[in-house]
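Heads up: the structure comes next, in structure tokens.
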Amino acid sequence: GDSVTQMEGPVTLSEEAFLTINCTYTATGYPSLFWYVQYPGEGLQLLLKATKADDKGSNKGFEATYRKETTSFHLEKGSVQVSDSAVYFCALSDNYGGATNKLIFGTGTLLAVQP
Amino acid sequence: GAVVSQHPSRVICKSGTSVKIECRSLDFQATTMFWYRQFPKQSLMLMATSNEGSKATYEQGVEKDKFLINHASLTLSTLTVTSAHPEDSSFYICSARGTPSSYNSPLHFGNGTRLTVT
């Protein structure tokens, strides 16, 4: 079945460092891909998405490009801030079944940014 | 837009009692809602898909008689943990697709409910 694999955390960086969180997926079709962020004690928020190959999703300085050839959707940010400390989830949704399609999540990667 | 409200945010109950968690879509209609359980070290597990006006679809390994889901209206789904035990203590999160709703619409999440069973 479809699945998402994320790099294990925690990832600890100093402020203004470059961030990469790796995400690869396995899917039989052409899924849509998402990154969600979860701040402590809260639910998940959509960070960015891409719905087809070569699409680049971006938001709040974060970017991820849908790479069909490598089945990847790595999250990057050029300069992280302390406020970016959170858990980041990569997810996919296959393109069948309409609105009832569930999201399949990776295990999440904890990012801790130190001042 | 696309706000999902979950209530309560925290609940403590005694072993053997039942707890109801509500999930509301505040500014949109949600024919489908999803219930997740988050385990320590952040792993997120889909428990069930809640469908308005019909029975929920449970994931493999989730006890439907223990985790009762009701989706009686287009804006409200409830999860009732029946005869709760300490091992049911967890963080439960609901979500719904915004409108227009399709396979590539993102999910909008509630802020979760921290359940502690003593």
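Residue numbers start from 1 in every chain, and the chains themselves are labelled A, B, ... in the order their sequence lines are given, proteins ahead of strands. Computed from a prediction, not measured in an experiment: that's the story for all the values here.
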Has A:Tyr36 got a side-chain atom pairing as donor or acceptor with B:Leu107's backbone, closer than 3.5 angstrom?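 Checked: pair present.
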Is it the case that more than 12 heavy atoms not belonging to [X] sit under 6.0 Å from its [atom1] atom?
X       : atom1 : value
B:Lys64 : NZ    : no
A:Glu16 : CD    : no
A:Gln81 : CD    : yes
B:Leu26 : CG    : yes
B:His85 : NE2   : yes

Quick one: what part of A:Leu46 sits under 4.5 Å from any heavy atom of chain B, side chain, backbone, both or neither?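 For A:Leu46, the contact with chain B is made by the side chain alone.
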Walk me through whether B:Leu44 and A:Gln38 qualify under side-chain contact (heavy atoms from CB on, under 4.5 Å). CA-CA 11 Å; B:Leu44 205 65; A:Gln38 184 181 31; 5.7 Å; no
Ignoring hydrogens, what is the shortest heavy-atom contact between B:Phe91 and A:Glu42? Give both atom names and the distance.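 Here B:Phe91 and A:Glu42 meet closest at CE2-O, 3.7 Å.
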Run the side-chain contact (heavy atoms from CB on, under 4.5 Å) check on B:Phe34 and A:Leu103 step by step: do they pass? CA-CA 9 Å; B:Phe34 303 89; A:Leu103 279 188; over 6 Å; no
Between CE on residue B:Met45 and OG1 on residue A:Thr107, distance to nearest 0.5 Å: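 It comes to 15.0 Å.
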Residue selection (most heavy-atom pairs with chain A, distance under 4.5 Å) from B:Thr57, B:Asn111, B:Ile93: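 The answer is B:Asn111.
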Establish whether A:Val11 and A:Val80 are linked, either directly or via other cluster members, by ILVMFWY side-chain heavy-atom contacts under 4.5 Å.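 Per the 4.5 Å side-chain linkage, A:Val11 and A:Val80 are co-clustered.
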